[in-house]
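Here's the structure, in structure tokens; my notes come after.
What's counted below: heavy atoms across the whole structure, side chains too, no hydrogens, waters or symmetry copies.
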There are 2 protein chains.
Amino acid sequence: MTRYSRQHKIVVAVDCIIFGFDGQELKLLLIKRGFEPEKGKWSLMGGFVQPAESFEEAASRVLHQLTGLENVYMEQLYAFGDPHRDPTERTASITYFSLIDIHKYEKQISDEYHAEWFPVNQVPDLIFDHPAMIKMAKEKLRYKAAIHPILFELLPEKFTLPQLQNLYEGIYDTVLDKRNFSRKVLSTGLLIKQKEKEKASSKKGAFYFKLDKKKYQKKFDAFLNFIPNPDNLK
Amino acid sequence: MTRYSRQHKIVVAVDCIIFGFDGQELKLLLIKRGFEPEKGKWSLMGGFVQPAESFEEAASRVLHQLTGLENVYMEQLYAFGDPHRDPTERTASITYFSLIDIHKYEKQISDEYHAEWFPVNQVPDLIFDHPAMIKMAKEKLRYKAAIHPILFELLPEKFTLPQLQNLYEGIYDTVLDKRNFSRKVLSTGLLIKQKEKEKASSKKGAFYFKLDKKKYQKKFDAFLNFIPNPDNLK
DNA sequence: TCAAAAGTGTTCTTATTACACCCATGG
DNA sequence: CCATGGGTGTAATAAGAACACTTTTGA
């Protein structure tokens, strides 16, 4: 068969913007780049797309390499293609952002890559256009979480309402009324109250909830509205 | 400097999903593909990314080639990268969707490519994964237009409320109450009433409106809510 | 026994929906 | 003079926001 013989060809990589939540603040998993150029500098976890791989497969592979995790929430963010974004050679980057339960990733794997979690607002200097990627990912997360029940992906299987509220407050850098928050969240029908309480962070203890996975699938694309005035955010 | 010498390289193309509205229904501009493989079949307008071009630049160039238009609404949709999506040779496609005023494009240019407008729900057989691209673009348009004042991009500078309502009704395949619709639209403050009326489509005539460009810029990312129950759409 | 965090109810305000009549005009 | 499509108002309902006290219990 014919080929597009004279066409310009480009190295294509994937980069993963990996979010986690430690109960206090939103964090990003970054690695120390292991090869030239910019070896030893901080970077998003990435990798080159291999001949038999789709972009999604490459991104899942890369995420798995770093975290040991599979089947986590991941979506394509944006294709970065500026011809000079990597000074070595033209390289496009298809970026993916994922939300993981920070307690589930395998630290020893992560250690091999010299990975560290950084608070989203205190990331170190990064290579190339990775700061722009992170900026876009943060914006998209805030945008999407204001409408869709996406943040549960960052929490462990069982979590409390105060934990969930903390997460929203952290992401939107705001303070929410707990009465209104719990009413709104519970009114979605997405949460199932457990019998046990989390007793570590308060004397009274807070009830655990689990996600109702079936309803979650169904409501995922629904427009919720967890954040009162998404317009008025800082 | 070093190069990623042994890395797999990929031909990268852009494809444009071009929406227009003729006053009656939402349409897509498609071309007859001019080269092998699949020469003569219907296709999205596309082109290969050139060495010095970013993806955005390539997409703008391709759109301009077909329509003669510049500075129209365009946003990146998705990067399609399945290794076998083009049987000739591995080719990634970065897709962009744009909204144009259907009356502004230059028909003679379009004729060179044997381009035609098709109602979005009656597109012919298309090459490769172009049907999936169109499906995604339609979904994104509906999604986005339910929240953001994006559909004005499809209308001429001056338009009437009935025209605008027709557009929303067409895109959501629904019927809206004109009293509630006009109240909601006008309450955004985005529209400036003109003195003239459009007299072609009714005896009484309908007032023209123009977009308040400044407010439009400001409110573009705001969450509006033109469609009563985005959840309950068919 | 008290400090600290969890949990819950009511009122007010605003937004959304449903719904029906008059207006202007060209034929 | 009437058929056609444009334009407008009101009342009922639902959703969102503001707000404060009681409960539990470990130290």
When the nearest nucleotide of DNA chain C is assigned to B:Lys197 and to A:Ala206 on a heavy-atom basis, which residue is associated with the more 5' position? A:Ala206
Qualifying residues under side chain to side chain contact (heavy atoms under 4.5 Å, CB included), relative to A:Glu57, sequence neighbours excluded: A:Glu53, A:Ser54
Check the distance between C:dA15's P and B:Phe226's CZ and give it to me in whole angstrom. 15 Å
Using a 4.0 Å heavy-atom cut-off, does B:Lys199 contact any base of the nucleic acid, only the sugar-phosphate backbone, or nothing at all? sugar-phosphate
Compute the centroid of each ring, for A:Tyr143 and then for B:Phe223, and state whether the two points are separated by less than 6.0 Å. yes
Along DNA chain D (nearest heavy atom to each residue), the more 5'-positioned of B:Lys203 and B:Leu186: B:Lys203
Interatomic distance, B:Leu161 CG vs D:dG7 C1' [rounded to whole Å]: 9 Å
A:Asn180, nearest nucleotide to its side chain (from C:dA18, D:dT23, D:dA17): D:dA17
Of the listed D:dG7, C:dG7, C:dT17, the closest approach to the B:Arg183 side chain comes from C:dT17
In whole angstroms, the gap separating P of C:dA6 from CD of A:Glu196 amounts to 17 Å
Could you check how far CD of B:Gln165 sits from C1' of D:dT8, rounded to whole Å? 14 Å
Nearest-Å distance for atom pair CZ/C1', residues A:Phe207 and C:dG7: 9 Å
Kindly indicate whether the side chain of B:Lys204 and the base of C:dA24 share any N or O donor-acceptor pair separated by less than 3.5 Å? no
Assert yes or no for the condition that the ring centre distance of B:Phe226 to B:Phe181 is strictly below 6.0 Å. no
Check every strand shown and say whether A:Ser201 touches a base, only sugar-phosphate, or nothing at a heavy-atom separation below 4.0 Å. sugar-phosphate
Over how many whole Å does the gap from B:Glu198 atom CD to D:dG6 atom C1' extend? 11 Å
When you measure from the side-chain N and O atoms of B:Asn225 to the phosphate of C:dT16, is any distance below 4.0 Å, counting only OP1 and OP2? yes
Heavy-atom neighbours of A:Glu157 CD exceed 12 at 6.0 Å: no
Nearest-Å distance, CG (A:Asn166) to C1' (C:dA6)? 13 Å
Shortest side-chain distance from B:Lys178, nucleotide among C:dA5, D:dT8, C:dG7: D:dT8
With the side chain defined as heavy atoms from C-beta on, A:Lys184 is closest, among D:dT8, D:dA17, D:dC19, to D:dA17
Mind telling me whether A:Phe118 and A:Trp42 have parallel, tilted or perpendicular rings, with 30° and 60° as the class edges? perpendicular
Separation of C:dG7 C1' from A:Phe181 CZ (nearest whole Å): 14 Å
5'-most by nearest nucleotide on DNA chain C - B:Ser202 or B:Arg179: B:Arg179
